[in-house]
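Labels below follow one simple rule: chain letters A, B, ... track the order of the sequence lines, proteins then strands, and each chain is numbered from 1.
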Amino acid sequence: MAEQKKMVDAITSMEVDFAQWYTDIVKKAELMDYSSVRGCMVIEPYGYALWENIQRDLDDRFKELGHENVAMPLFIPESLLQKEKDHVEGFAPEVAWVTHGGSEPLQERLCVRPTSETLFCEHYSRVIHSYRDLPKLYNQWCSVVRWEKTTRPFLRSVEFHWQEGHTMHETQVEARQETEQMLGVYADFCESDLAIPVIKGQKTDSEKFAGAEATYTIEAMMHDGKALQSGTSHYFGDGFSRAFDIQFQGRDNTLQYPFQTSWGLSTRVIGGIIMTHGDDNGLVLPPAVAPIQLIILPIAQHKEGVLDKARELLGRLNKKVCRVRLDDSDQSPGWKFAQYEMKGVPLRLEIGPKDIEQNQCVIVRRDNREKYFVPLDELETRIPELLQAVRDGLYDKALKRRESMTYAVTTKNELKQTADTKPGFIKAMWCGEEACEDALKAEAGVSSRCIPYAQEHLSDECVCCGKPAKAMVIWGKAY
RNA sequence: CCGGGUGUGGCGCAGUUGGUAGCGUGCUUGACUGGGGGUCAAGAGGCCGUGGGUUCAAGUCCCGCCACUCGGACCA
């Protein structure tokens, strides 16, 4: 119990204050630090290593599907941003402007990109001439700036890192397929690699991206029942093409406008990992992206042979089996246990004199603290199995939690009461009118998260106005 | 942007009616230890967020600003 008490001292318990728990984790697990720029953070090595693994994994998937990486300018001239009406209306309130070069005022001010549709479009208008130039499947890894009023580490910062894919296609069908495909990539990445169950769906018109014809999303439920949009994919039709005058000569020798998509996933997903898997002992990382997948902790390390054995295991396992580190610092074992739990390392391998005698070691899972005595010559097979077991354990736990915190309702009173008393997702029918979304926002404090692909028929009428329902919507409070 | 809270060694905090800036932890050095945040000893470390004001004297009182944080509004 003394041990338990210290853990609670280290970070605020989720139950006591979820927001504070989150803040404690990002700091104590050394993912980020605050900077002197309001709302901007320093991503520390451990946090960045996590992001690099996410990047590598996603980047491989993108390239597998034929996408290429590019680098666009950081700045967007005001006139360029303004070419697409809805787009500029959506983003103008939160862009940062550069007005001077050195001490000279600029002729035209430049905004720091909040997203790069306009830059891609300008470029595409110059390089797309023929159907033979299509599709264009570009992606860029970069950071963007949105002047947010309220910021939180990873979840909403003024500057954030992401990837933005921007593609151009010959036909509507092809572009819609791309939109769909990339949403699928995100969903599979979240579920397989991050062990975060997501709901695929479409955003309502009021929630869709500025300038898009349709926005698709994957929504995840956090520990506190709030929703986190974890990735989005947009279908633009030919709206931007027309606004930016992008035309190509088609197979039939006529001039046509190409169809466009964009899709993005940001460092916000790190917040999603924390709030989906973390517990009161700290971070819990899904094995696929954990910077350290297994930590070797020597016990009684000053005793003859212990460190040698630990180093031997490090050389034998690291990179060949998984990402391994050895902590041979002079801290006590208890301190190290707590430390690597805080950092969310999926597996811990303990090796001490008693183990060496029996040619075995102890492996402990981070997600449930289950302990295994493993013969040293079985490590190559057992470690991958255990990493997989951690991933599956995390996923199942998250899925069960989401299911147990999702409620179906058919009346407005029921919805209000549920929203009031039970954190989580609410499934309810909707007529398609924005007025009903507004009403539910005002009366119950929930917004539409998405119109899920997996539709259910709960009733014939809109939960809000009673008119005929068009679709089932997931409602909830969101980050 | 509105409302609440907080700014004092790296971190967490105390600091009374204004009068010599403290504690815990961490850090450094050494010794003993080591299977859930070990023990002892000796050290280093501070423009009290910032700018004004009141006062013989401000960490403390007054005003402004900034940052962080919580809630809300806004928002990909």
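- Nucleic acid contact for A/E94: sugar-phosphate only, since backbone atoms but no base atoms lie under 4.0 Å from a heavy atom of the residue.
- For A/Y235, there are no ring-ring contact (aromatic ring centres under 6.0 Å, His included) partners two or more places apart in sequence or in a different chain.
- As rounded to the nearest Å, B/G12 and B/U6 have C1' atoms that lie 13 Å from one another.
- Checked by atom type and distance alone, the side chain of A/Y340 never pairs as donor or acceptor with a backbone atom of A/I295 at under 3.5 Å.
- Separating the NZ atom of A/K27 from the C1' atom of B/U69 is a distance of 13 Å, rounded to the nearest angstrom.
- With the 3.5 Å cutoff on both pairing distances, Watson-Crick and G-U pairs in RNA chain B assemble into runs of at least 3 at B:1-7 with B:66-72, B:10-13 with B:22-25, B:27-32 with B:38-43, B:49-53 with B:61-65.
- As rounded to the nearest Å, B/A58 and B/G19 have P atoms that lie 11 Å from one another.
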Between the protein and nucleotides 70-73 of chain B, are there any N/O to N/O pairs under 3.5 Å, and if so, what are the atom names and distances?
unit_1: B/C70; atom_1: OP1; unit_2: A/T23; atom_2: OG1; d: 3.2
unit_1: B/C70; atom_1: OP1; unit_2: A/R152; atom_2: NH2; d: 3.2
unit_1: B/G72; atom_1: O6; unit_2: A/T150; atom_2: OG1; d: 2.9
unit_1: B/A73; atom_1: N6; unit_2: A/T150; atom_2: OG1; d: 3.1

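- Annotation: A/F154 is not in aromatic contact with A/W51 [ring centroid separation under 6.0 Å not met].
- Remark: the A/Q181 side chain and the A/E178 side chain contain an N/O donor-acceptor pair separated by less than 3.5 Å.
- Ring centroid separation for the pair A/Y124 and A/Y138 comes in under the 6.0 Å cut-off.
- Residues A/T215 and A/H234 bring a donor and an acceptor atom of their side chains to less than 3.5 Å of each other.
- With rounding to whole Å, A/E350 atom CD is found 9 Å from B/G36 atom C1'.
- B/U69 and B/C56 have their C1' atoms separated by 39 Å, given to the nearest Å.
- Contact annotation: A/Q331 reaches the phosphate of B/C27 (side-chain N/O to OP1 or OP2, under 4.0 Å).
- On the P atoms, B/A21 is 15 Å away from B/G9, given to the nearest whole Å.
- What you find for A/L285 and A/A290 is that their closest heavy atoms are CB-CB, 3.9 Å.
- With sequence neighbours excluded, the residues that form a side chain to side chain donor-acceptor pair (under 3.5 Å) with A/E78 are A/R109.
- The gap from the P atom of B/U29 to that of B/G64 amounts to 48 Å, rounded to the nearest Å.
- Remark: A/G90, A/F91 in residues 76-91 of chain A come within less than 4.0 Å of RNA chain B through at least one heavy atom.
- In this structure, the CG atom of A/L155 is 17 Å from the C1' atom of B/C74, given to the nearest Å.
- Base contact: A/F337 has a heavy atom under 4.0 Å from a base atom.
- Atom-to-atom, CG of A/D24 to C1' of B/C13 comes out at 15 Å; the value is rounded to the nearest Å.
- One atom, CZ of A/R38, and another, C1' of B/C1, lie 11 Å apart when rounded to the nearest Å.
- Each of A/K336, A/R366, A/R348 was checked for a side-chain hydrogen bond (donor to acceptor under 3.5 Å, both in side chains) with A/E341, and the lone residue meeting it is A/R348.
- In this structure, the side chain of A/E350 does not engage the main chain of A/I299 through any donor-acceptor pair within 3.5 Å.
- Donor-acceptor pairing under 3.5 Å is lacking for the side chains of A/Q417 and A/N413.
- The P atoms of B/C65 and B/C1 are separated by 11 Å, rounded to the nearest whole Å.
- Taking atom CG on A/D33 and atom C1' on B/C68, their separation rounds to 12 Å, with Å as the unit.
- Side-chain N or O atoms of A/Q163 include one that pairs as donor or acceptor with a backbone N or O of A/L265 at under 3.5 Å.
- Using a 4.0 Å heavy-atom cutoff across all strands shown, A/K354 reaches at least one base atom of the nucleic acid.
- Side chains of A/T217 and A/E219: a donor on one and an acceptor on the other come within 3.5 Å.
- A/G211 comes within 4.0 angstrom of nothing in the nucleic acid, heavy atoms only.
- The separation between A/M41 atom CE and B/A67 atom C1' is 17 Å, rounded to whole Å.
- Taking every heavy atom of residues 292-300 of chain A and every atom of RNA chain B, pairs under 4.0 Å involve A/I299, A/A300, by number.
- Panel note: side chain A/S35, backbone A/C40; a donor-acceptor pair is recorded below 3.5 Å.
- Inspection of the A/S233 and A/T179 side chains reveals no N or O donor paired with an N or O acceptor under 3.5 Å.
- Comparing the P positions of B/G24 and B/U39 gives a spacing of 13 Å, expressed to the nearest Å.
- Atom P of B/C74 sits at a distance of 40 Å from the matching atom of B/G15, rounded to the whole Å.
- Comparing A/S36 and A/S206 along RNA chain B, the residue whose closest nucleotide (by nearest heavy atom) sits nearer the 5' end is A/S36.
- One atom, CG of A/D330, and another, P of B/A31, lie 10 Å apart when rounded to the nearest Å.
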